[in-house]
Amino acid sequence: MRDRESVLIRTLKQSGATFGIGDDGVEIGAYIIANDAFFEDVHFRFAWADLESLVEKCFLVNLSDIYAMNAIPRFALLTLCLPRTFKEVAKLAHIIGNCAKKHKIQIIGGDTLVGEKLHFSLTLLGQRGRKNLS
């Protein structure tokens, strides 16, 4: 996958339609913005962990990018793809809300859609520190 990702990033850069692509996040004004996706049967399986652990891992993967760029996480855009057979929507929302509060993040928007498998995509906005570490 790494080679395909390198080709994709290099080609996008050559197109002239990019800004800051290739790092864990990008600095725009007073914010660092980072995004990661978390797909069922690619990044996790329900047999591996409960919903609480899966949500926490999704947040931690994204938080590490924000912290690596010396920022304090503040806001999140959350995109969820929920399978038609998924019956624990309220439980999932409660877990996500608790995780966001635990990490002092406010969810400010996103998108929800229906698909075959569970998918989380989290875009975090972190308030920039005085000096980037990356």
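For this chain, numbers begin at 1 and follow the sequence in order. Note that the structure is predicted; figures quoted are calculated from it, not measured.
When all heavy atoms of Ile66 and Ala34 are compared, the closest pair comes out as CD1-CB, 3.9 Å.
Of the inter-residue distances, the one linking Leu63 atom CG with Lys57 atom NZ reads 14.0 Å to the nearest 0.5 angstrom. Atom CG in Asp111 sits 5.5 Å away from atom OG1 in Thr79 (nearest 0.5 Å). Between the CG atom in Leu125 and the CG atom in Asn35 there is a gap of 10.5 Å [rounded to 0.5 Å]. Interatomic distance, CD1 of Ile105 versus CG of Leu78, reported as 11.0 Å (0.5 Å rounding). Remark: Lys104 NZ to Phe75 CZ distance equals 14.5 Å, nearest 0.5 Å. Annotation: the span from Met69 atom CE to Arg128 atom CZ amounts to 10.5 Å, rounded to 0.5 Å.
Remark: Lys91 pairs with Glu88 by the salt bridge (Lys or Arg N to Asp or Glu O under 4.0 Å) rule, at least two apart or across chains. Residues satisfying the ring-ring contact (aromatic ring centres under 6.0 Å, His included) criterion with Phe39, sequence neighbours excluded, are His119.
Under the 4.0 Å criterion applied to side-chain N and carboxylate O atoms, Glu40 and Arg45 are not assigned as salt-bridge partners. Comment: Glu116 does not engage Arg84 in a salt bridge, judged by the lack of any side-chain N to carboxylate O separation of less than 4.0 angstrom.
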Starting from the C-alpha separation in whole Å, work towards a yes-or-no answer on side chain to side chain contact (heavy atoms under 4.5 Å, CB included) for Ile96 and Ile107.
CA-CA 9 Å; Ile96 290 169; Ile107 298 173; 3.5 Å; yes
If you apply the rule side chain to side chain contact (heavy atoms under 4.5 Å, CB included), what do you find for Val114 with Leu82, and how did you get there?
CA-CA 5 Å; Val114 176; Leu82 300 170; 5.5 Å; no
Would you please test Leu77 and Ile108 for side chain to side chain contact (heavy atoms under 4.5 Å, CB included) and show each step?
CA-CA 6 Å; Leu77 295 165; Ile108 58 171; 3.8 Å; yes
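For the pair Ile72/Tyr67, no side-chain contact is recorded, criterion being any heavy-atom separation below 4.5 Å from C-beta on. Thr123 has its side chain out of reach of Asp36: every pair of non-hydrogen atoms, C-beta onward, lies at least 4.5 Å apart. Within the 4.5 Å cutoff, the side chain of Leu92 has heavy atoms near those of the Leu51 side chain.
Phe59 and His103 have parallel rings, their planes meeting at less than 30° on a 0 to 90° scale where 60° marks the start of perpendicular. Note: His43 and Phe38 have parallel aromatic rings, judged against thresholds of 30 and 60 degrees for the angle between ring planes.
Between the Asn62 side chain and the Leu124 main chain, no donor and acceptor come within less than 3.5 Å of each other.
At a threshold of 4.5 Å between side-chain heavy atoms, the hydrophobic network of Ile, Leu, Val, Met, Phe, Trp and Tyr places Val61 and Phe44 in two separate groups.
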